Protein chains: 2
Amino acid sequence: MSTKSFYQDRRIRKSKAALKESLIAIMKEKDFKEISITDIVQTADLNRGTFYKHYQYKEELLEEAIDDVIKDLIDSYREPYQGVEVLIINKLSSSTIKIFDHVEKYSNFYSLLVKSNVLFELQKRICDELKKLVLQDITNQPLQHNINANLIASYQANAIWGMISEWIQSEFIYSAAYMAEQLLAILHLNSAKNTYRET
Amino acid sequence: MSTKSFYQDRRIRKSKAALKESLIAIMKEKDFKEISITDIVQTADLNRGTFYKHYQYKEELLEEAIDDVIKDLIDSYREPYQGVEVLIINKLSSSTIKIFDHVEKYSNFYSLLVKSNVLFELQKRICDELKKLVLQDITNQPLQHNINANLIASYQANAIWGMISEWIQSEFIYSAAYMAEQLLAILHLNSAKNTYRET
DNA sequence: GAACTTATTGCACATCTGTTCAATAGGACT
DNA sequence: AGTCCTATTGAACAGATGTGCAATAAGTTC
């Protein structure tokens, strides 16, 4: 095995990279739905046939650009998980703290997506991934009160995304640390309310 | 004021209704991004110019179709709010119970949107609306612990949407009552965990 | 380096898109 | 009823779209 034969052909890599880069550049000026394939290949200085060789819709191209970001998100979530055996609330918070760091790292890309209306693709995929991760936590620590695992996983995944999306739309006026602090405060607030109610 | 002059011209109403109906019908067979304006006007039996007279993109047409659903959502949320002066957790839960009823009522439409990739528009608008409603609750009842109102509002809005979206993707195998019950259980679970941790 | 493989190119094509225009039909108001 | 107003229509247009194909350039493998 002399060469990197399991990698893609260098021409493909270059073409795809140029297409992604062009799409992202154009998205800074135009709304996604107004961007044409011709726009993309002209900016990338490629033939239109090259685009259609690899993708069918511009949506597919964007998905691929998102893939790298999602990979980093998952890494960020998993990082603080090193054989910790504490309560779920602590796991959740320490994990999500790292996620806020990840979002801050890609804040340009996230802002771009939120501004354009393609947010949905990102949103859906992020929540799906977060849900999977939360589900893994839950299966290790069985649930009380007949809680539906899928529902609580979606609940928590989307709740966190809600804070993230709020943060992005505020143009990142808060620090990642503040975001993490706020998440903890919200969780404790729920506890306080419920405790108050039950006395 | 003899006639309904504040209503739209009957021709416009008919054209728009036909376009919306056609779009929704086509969406049951095709992916949204593959639907052309020509598809829509042919199904609606209208001239292409008529579409462009009222809309610029098919996305706008869909947005308008969503508007009716959003209106009902807001009504559903507000309905159980009749001068109740209880704790936030009770307000939240009784309100969201009505929201589950609303989603069940429009389950066909919701399923359609979730299946197609236009979910984002619905998702964004629903979360925006829920957030506004939660914010109104919060301002009436000042926050402890320096909680950021926008963040907790987005947190809760998206958390609830997470459950809703999970429900839709399960093809509504649960009843609305079960969904409401689950929300309460999740909130109590948070309380239990935190209480346990603080002792 | 030579032989093999395949991505990219440029061109051509039918179809679709978004827009204009004058003509007509339909609705609003007195 | 009649008058005014404007939504809809059909046709026509330049430009964009998605798809082929043979020629060429570039990468891979030995």
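None of the values given here were measured: they were computed from a predicted structure. All chains are named by letter (A, B, ...) in the order of the sequence lines, taking the proteins before the strands, and each is independently numbered beginning at 1.
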Among all residues two or more places apart in sequence or in another chain, which pass the salt bridge (charged side-chain N to carboxylate O under 4.0 Å, His left out) test with [X]?
| X | result |
| --- | --- |
| A:R11 | A:D9 |
| A:K53 | none |
| B:D45 | none |
| A:K105 | A:D72 |

I need the [atom1]-[atom2] distance between [X] and [N], as an integer number of Å.
| X | N | atom1 | atom2 | answer |
| --- | --- | --- | --- | --- |
| A:K30 | D:dA16 | NZ | C1' | 11 Å |
| A:F51 | D:dA16 | CZ | C1' | 14 Å |
| A:L19 | C:dT8 | CG | C1' | 12 Å |
| B:R10 | C:dG27 | CZ | P | 5 Å |
| B:Q42 | C:dT15 | CD | P | 13 Å |
| A:Y55 | C:dA7 | OH | P | 13 Å |
| A:K33 | C:dT17 | NZ | P | 17 Å |
| B:Q8 | D:dT6 | CD | C1' | 13 Å |

Item to complete: Please examine the side chains of A:I37 and A:Y55, heavy atoms only from C-beta on, and report whether any two atoms are closer than 4.5 Å.
Response: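 No, side chains not in contact.
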Worksheet item: In the 5'-to-3' direction, what one-character label does each nucleotide of nucleotides 7-14 of chain D receive under the scheme B = base within less than 4.0 Å of a protein heavy atom, S = sugar-phosphate only, - = no such atom?
Response: BBSB----
Please set out all donor-acceptor pairs under 3.5 angstrom arising from side-chain atoms of residues 16-26 of chain A, sequence neighbours excluded.
from	atom 1	to	atom 2	distance (Å)
A:K16	NZ	A:E64	OE2	3.4
A:S22	OG	A:A18	O	2.7
A:S22	OG	A:A44	N	3.2

